Amino acid sequence: RGMSLNNIRRKGLWVVNGNAVVRKVINQCVICRKLRGKFGEQKMADLVKERSIEAPPFTHCGVDMFGPFVIRVKRSDLKKYGALFTCFASRAVHIEVTNTMDADSFIMALRRFMARRGTVKLIRSDNGTNFTGTNNEIQAAMQEMDHEKNRSYLKKEGADWISWLNNPPGASHMGGIWEHQIQTARNILHGLLKTHGSRLNDEGLRTLMTEAKAIINSRPLTTETLSDVASEIPLSPSNLLTMKSDVILAPPGDSNRSDLYSKRRWK
């Protein structure tokens, strides 16, 4: 605007209220708006209410599958998958290994997860066929039960039904809370599998998944006070789950590649 107004003055012209006139002309210029216009900023939507409810770990959680990971069993190559559960409140992560991507395998992974972490009140996921099939099977099984009798028993014990909510189809950005953790788990596992993946068996994969889970759960929940000398050590999801330090020492001894072919595969 200043350059345009200056050129008008240099040609000996005086425009009444020239500053506003030049601004109006520039704002109405389509080419100027395309070249120098400001980009629109996407406004972040409100968090789902489960993200701000105080509740025990894994009461409200999200889930997604990732993989496959190829392992060696005798002379055959088999595919394994990971089911990642993430808590909305504590931001902790739990990983289960599944044999397939179908609903039956995921239901067993869900049962193992609840046996280890306790009952779940709400689960969010995308519209994967395994999640949709699991929800349909659970709802069909509940239809065979005596609802009033079960509800009265659960209310007496302080438990609840599992509610399952799916994100809209094609809206993967709404699952960022678990997609980000899957990316972190992949980054950890890829570094380990790059050099040792060819000799990995089922037990080794489950061990690496557990190690990856421990690394993710040891991350700080806030980084604002990391540079402050007088501040306390930030909390991590592992602190909230175990009430202990999240420092896990590496296995003792030296590890060589020859250990992959011996009885010391734990190294």
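In what follows, every heavy atom counts, from backbone to side chain, and hydrogens, waters and symmetry copies are set aside. The shown structure was predicted, so the numbers you read here are calculated from the model rather than taken from an experiment.
Side-chain atoms of Asn239 and Ser236 include a donor-acceptor pair closer than 3.5 Å. Side-chain polar atoms of Asn166 and Ser125 form a donor-acceptor pair below 3.5 angstrom.
With hydrogens and angles ignored, the 3.5 Å screen pairs no side-chain donor or acceptor of Asp64 with any backbone N or O of Ala83. Under a 3.5 Å cut-off, the side chain of Asn6 and the backbone N or O of Gly2 do not form any donor-acceptor pair. A donor-acceptor pair under 3.5 Å links the side-chain atoms of Thr59 to the main chain of Pro56, judged by distance alone. Using a distance-only test at 3.5 Å, with no hydrogens or angles considered, a donor-acceptor pair links the side chain of Asn217 to the main chain of Val93. Looking at Arg91, its side chain never comes within 3.5 Å of a backbone N or O of Thr86 through a donor-acceptor pair. Without hydrogens or angle criteria, Arg51 side chain to Val48 main chain gives no donor-acceptor distance under 3.5 Å.
Scanning both residues, Ala185 and Ile95, for their nearest heavy atoms gives CB-CD1, 4.4 Å. Closest approach of Pro234 to Pro220, counting heavy atoms only: CG-CB, 3.9 Å. When every heavy atom of Asn99 is checked against every heavy atom of Ser105, the shortest pair comes out as N-OG, 3.5 Å. Nearest heavy-atom pair across Ala89 and Ala55 is CB-O, 4.2 Å. Between Ile215 and Ser218, the shortest heavy-atom distance links the atoms O-OG, 2.7 Å.
Cluster membership for Ile53 and Leu47, using ILVMFWY side-chain heavy atoms within less than 4.5 angstrom, is not shared. Residue Met108 is not grouped with residue Phe69 when hydrophobic side chains (ILVMFWY) are merged at heavy-atom distances under 4.5 angstrom, including chains of intermediate members. Phe85 is not connected to Leu221 by any chain of hydrophobic side-chain contacts under 4.5 Å among Ile, Leu, Val, Met, Phe, Trp and Tyr, and they are in different clusters. Leu208 and Val73 fall within a single hydrophobic cluster, where Ile, Leu, Val, Met, Phe, Trp and Tyr side chains are chained together by heavy-atom contacts under 4.5 Å. Phe88 and Leu240 are assigned to two separate hydrophobic clusters, defined by single-linkage of ILVMFWY side chains at heavy-atom distances under 4.5 Å.
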- Message: Does Lys213 form a side chain to side chain contact (heavy atoms under 4.5 Å, CB included) with Thr210? I'd like the steps, not just the answer.
- Response: CA-CA 5 Å; Lys213 176 177 66 177; Thr210 309; 4.2 Å; yes
- Please walk me through it: do Phe131 and Asp126 pass side chain to side chain contact (heavy atoms under 4.5 Å, CB included)? CA-CA 8 Å; Phe131 304 133; Asp126 55 26; 3.1 Å; yes
- Might you work through the side chain to side chain contact (heavy atoms under 4.5 Å, CB included) test for Val63 and Phe113, ending with a clear yes or no? CA-CA 11 Å; Val63 62; Phe113 162 68; over 6 Å; no
- Message: Evaluate Ile123 against Leu110 for side chain to side chain contact (heavy atoms under 4.5 Å, CB included), listing each step before the verdict.
- Response: CA-CA 11 Å; Ile123 297 178; Leu110 179 62; 3.8 Å; yes
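Rounding to the nearest 0.5 angstrom, the gap separating the CG atom in Leu5 from the CG atom in Leu13 is 11.0 Å. For the atom pair CE of Met209 and OH of Tyr81, the computed distance is 11.5 Å after rounding to the nearest 0.5 Å. Here the NE2-CZ distance, from His94 to Arg116, works out to 5.5 Å after rounding to the nearest 0.5 Å. Interatomic distance, Glu96 CD to Leu84 CG, rounded to the nearest 0.5 Å: 10.5 Å. In this structure, CD in Gln181 is found 11.0 Å from CZ in Phe66, a value given to the nearest 0.5 Å. Expressed to the nearest 0.5 Å, how far CG of Leu165 lies from CG of Leu122 amounts to 4.5 Å.
By the neighbour-count criterion of 12 heavy atoms within 6.0 Å, atom CG of Asp77 is densely surrounded, having more than that number from other residues, nucleotides or ligands. Ile8 CD1: more than 12 foreign heavy atoms inside a 6.0 Å radius. Counting heavy atoms of neighbouring residues, nucleotides and ligands inside a 6.0 Å radius, atom CZ of Arg111 does not exceed 12 of them.
Under the 4.5 Å side-chain criterion, counting only non-hydrogen atoms from C-beta, Arg72 is not in contact with Leu200.
Checked against side chain to side chain contact (heavy atoms under 4.5 Å, CB included), Arg206 has the following partners two or more places apart in sequence or in another chain: Val97, Asp202, Glu203.
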